[in-house]
Amino acid sequence: GPLVALAGYGDALQFETLPVASVDAASSERFEIRDAELAAFVGDRFAAARLQVAGRRPRVELLNGVGTPGLVQRVANVIVPAGGAVTLSGNAVRFDALVTKVVYYQDRDAPIARTFVRILGAGTVAKGAAPVSVVDITIVIGHDLATQLKR
């Protein structure tokens with residue numbers, strides 16, 4: 001549902017089948033997905049939602065920096081359809097973050113961090129001091145994004 005809405009189709013898009021080809025299976029009917037057509041379809045309609053780098057979804061940590069209950073879940077509802085895989089979540093050390101900070105740890109992830117700032121419509125990008133092995137991006141949610149999500 002969220003990906004269909006992101007593609008701009010709303011409720012107007014309906015599917016009956018995936019692109020398939022009939023495969024001879026003796027006495028039964030069998031179908032095989034036509035991979036190239038499916039990839040072209042998904043790429044065309046969801047290109048902006050696919051932040052994959054070298055075939056992987058960026059692993060994202062979401063930290064609530066303002067203390068508002070449910071804020072991490074609301075941000076996850078934006079990040080996941082955009083291509084991020086939320087692998088960690090929780091509260092920041094303090095609840096006084098005025099500006100959302102999107103932190104990347106390896107230079108290859110800087111473009112992803114900038115894309116998340118654009119998708120969220122708030123925040124700044126910063127490089128983390130030391131690489132983290134369990135996430136590619138950390139988003140510390142600030143008051144700027146919390147206020148925007150209330151609208």
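Please read all numbers here as calculations on a predicted model, not as lab measurements.
- When Leu71, Leu120, Thr68 are each tested for a side-chain contact (heavy atoms from CB on, under 4.5 Å) with Leu149, only one passes: Leu71.
- In this structure, Val125 and Tyr104 have side chains that are in contact, with non-hydrogen atoms separated by less than 4.5 Å.
- You'll find the side chain of Arg57 reaches within 4.5 Å of the side chain of Val80, heavy atoms only.
- Heavy-atom minimum distance, Gln148 versus Ala122: OE1-CB, 4.0 Å.
- Hydrophobic cluster membership differs between Leu63 and Ile79, with clusters built from Ile, Leu, Val, Met, Phe, Trp and Tyr side chains linked at under 4.5 angstrom.
- Atom CG of residue Asp107 and atom NZ of residue Lys127 lie 3.5 Å apart, to the nearest 0.5 angstrom.
- Partners of Asn64 according to the side-chain hydrogen bond (donor to acceptor under 3.5 Å, both in side chains) rule, which considers only residues two or more places apart in sequence or in another chain, do not exist here.
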If you look only at distance, which donor and acceptor atoms sit under 3.5 Å apart when one is on a side chain in residues 135-146 and the other is two or more places apart or in another chain?
residue, atom, partner, partner atom, Å
Asp136, OD1, Arg59, NH2, 3.0
Asp136, OD2, Arg56, NH1, 3.0
Asp136, OD2, Arg59, N, 2.8
Asp136, OD2, Arg59, NE, 3.3
Thr138, OG1, Glu61, OE1, 2.8
Thr138, OG1, Tyr105, OH, 2.6
Asp144, OD1, Thr100, N, 2.8
Asp144, OD1, Thr100, OG1, 2.7
Asp144, OD2, Thr100, N, 3.3
Asp144, OD2, Gly123, N, 3.2

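- Across all non-hydrogen atoms, the minimal contact from Pro81 to Ala76 is CD-O, 3.9 Å.
- Cluster annotation: Val103 is not connected to Val117 through the hydrophobic network of ILVMFWY side chains, with a link wherever side-chain heavy atoms come within less than 4.5 Å.
- Minimum interatomic distance between Gly67 and Phe95 (heavy atoms only, all atoms of both residues): N-CD2, 3.2 Å.
- Contact detail for Gly83 and Pro58: the closest heavy-atom pair is O-CD, 3.6 Å.
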